[in-house]
There are 2 protein chains.
Amino acid sequence: MIPAALSDRRPYLRDSEDARRAALVAAVLDLVAEGGVDAATLRAVAARAGVTPGLIRHYFGDKDGLMRAAYGRMMAAMVDPCLAAADAAGVDPVARLAAFLAAALDPAALDGRTVTLWAAYIHRTRHDPALRAAHEAGYLAFRDALEALIAALPACHLPPRVAAIALNALLDGLWLEGGLLPQGFVPGEVQRIALTAAARLLDLPELTELSETEGP
Amino acid sequence: MIPAALSDRRPYLRDSEDARRAALVAAVLDLVAEGGVDAATLRAVAARAGVTPGLIRHYFGDKDGLMRAAYGRMMAAMVDPCLAAADAAGVDPVARLAAFLAAALDPAALDGRTVTLWAAYIHRTRHDPALRAAHEAGYLAFRDALEALIAALPACHLPPRVAAIALNALLDGLWLEGGLLPQGFVPGEVQRIALTAAARLLDLPELTELSETEGP
DNA sequence: GCCTGAATTATACGCGTGTATAATTGAAGG
DNA sequence: CCTTCAATTATACACGCGTATAATTCAGGC
């Protein structure tokens, strides 16, 4: 046996399969957000996850498998908090909608990192059928949730589908602009605009004061 | 002199500097739209433009120079038609706005190719200062034009800045969704939703019939 | 009618990539 | 205690990339 001091072989550390998969996926998302898809080379991913490139092949088969897993994780991280916020807001339809909107444009989600990450994947969704399916599923889940929230509203003069599409587009656009040009808005402005515009689209009384109920 | 039949050297064809730059930039945009940024290698770009990789270096210095030029061209192709449509619509503020909106969501602009192209560049705008400046300039030009159109409107209960941001976000989102999920909408639906939502946001009478004045 | 110089092509280099396969490690079962 | 097998690392390979530089071709000035 070769003494540790003389062997430059990387120490052999075991871990659970779940932990390894999670670490590798997290490394991909970090790298993509920092330097674009190009930065997420297998070697860089492995280094950040503290393992060796071969392990990626062991767990994900090839690079496409890794990227697909990372994309699924990203979509969940974007959509789930909004659904959870609505559910946590109780039963009042207006409060539920306001909570959903506020969560969608939460400063954490508005981070340019997330937008960059999302954009970096978009072009792949057009050519990779698996990614495309994941994209459509996530997008429609979000829009359907929005449509359900709108349908539960007391009075809305627009068909729920139309209102959901328009409101969803408004959220997407604000999320995009807020994430890409953070210094173009004063803090909280993006959320306020979303609530104002949503109120006008849906014939609702002003929603803005609802979001300011988070006192210290 | 070696007979042409024996020389496999590519025929030497001269062209103007403008034509060469335009051909190379067009080749970049085509390739990026088709296969993402990865597909736009210097060799592939040169082949599509009918030249040799060395020419790219001659005209653009390095790959970054090429990509910057292509980005500027893309932004102009997205923004200019909207400005032109508004100017061509005469002096009525409402007609001008409707024309601008319709142009922004024109089927040609709504092509998934354009969205893909745009997304493919986004992550670079976060790290490349020159691209970032180009992005901000194009974005703000668009939004300022929108704000000017809104400010000229007869009555608007929203501050022009807020209305412009919201409407711009709505356009961005619809453009995104329409381009990425074309089969998720019936033809013309995206434009109709944009006009309906804009009318509600701006306290305007319905705008939808304005876009249907294009009879044969 | 040559000669200069820009436009264009050709070739070579070094590097990093994804993939494949072999070598090692350690834990669990008999 | 030994065997077995999955988890992990190490090494090798072939390829395409961006860049650099040298060789060619053509047009215009003298």
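Owing to the predicted nature of the structure, the values given are computational and were not obtained by experimental measurement. Residue numbers begin at 1 in each chain, while the letters A, B, ... track the order of the sequences. As a basis for the values below, the full set of heavy atoms in this structure was taken, side chains included, without hydrogen atoms, waters or symmetry mates.
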Starting at [atom1] of [X] and ending at [atom2] of [N], how long is that distance when rounded to a whole Å?
| X | N | atom1 | atom2 | value |
| --- | --- | --- | --- | --- |
| A:L24 | D:dA7 | CG | C1' | 13 Å |
| A:Y12 | C:dA27 | OH | P | 9 Å |
| A:L55 | C:dT19 | CG | P | 15 Å |

Item checked: Whether B:W118 and B:W175 hold their rings parallel, tilted or perpendicular, with breakpoints at 30° and 60° ->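 Perpendicular, since the angle between the ring planes exceeds 60°.
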Note to self: Run the side-chain contact (heavy atoms from CB on, under 4.5 Å) test against A:D15 and tell me which residues pass, sequence neighbours left out.
What the structure shows: A:A19, A:R20
Notebook entry, point to check: With sequence neighbours excluded, what pairs up with B:A169 under the side-chain contact (heavy atoms from CB on, under 4.5 Å) test?
Noted result: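 Counting only residues at least two positions away or on another chain, B:A169 forms a side-chain contact (heavy atoms from CB on, under 4.5 Å) with A:L170, A:L174, A:E177.
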Let's see if you can work this out: which of [options] has an atom nearest to the side-chain heavy atoms of [X]?
| X | options | result |
| --- | --- | --- |
| A:T41 | D:dA23, D:dT9, C:dG18 | C:dG18 |
| B:D62 | D:dT19, D:dA10, C:dA10 | D:dT19 |
| B:R14 | C:dT8, D:dA10, C:dG18 | C:dT8 |

Check: Where along residues 42-54 of chain B does a heavy atom fall under 4.0 Å from DNA chain C?
Finding: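 Result for residues 42-54 of chain B: B:V51, B:T52, B:G54, sorted by number.
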Counting only side-chain N and O atoms of [X], is one of them less than 4.0 Å from OP1 or OP2 of [N]?
| X | N | value |
| --- | --- | --- |
| A:R20 | D:dT8 | yes |
| B:Y59 | C:dT8 | yes |
| A:H58 | D:dA7 | yes |

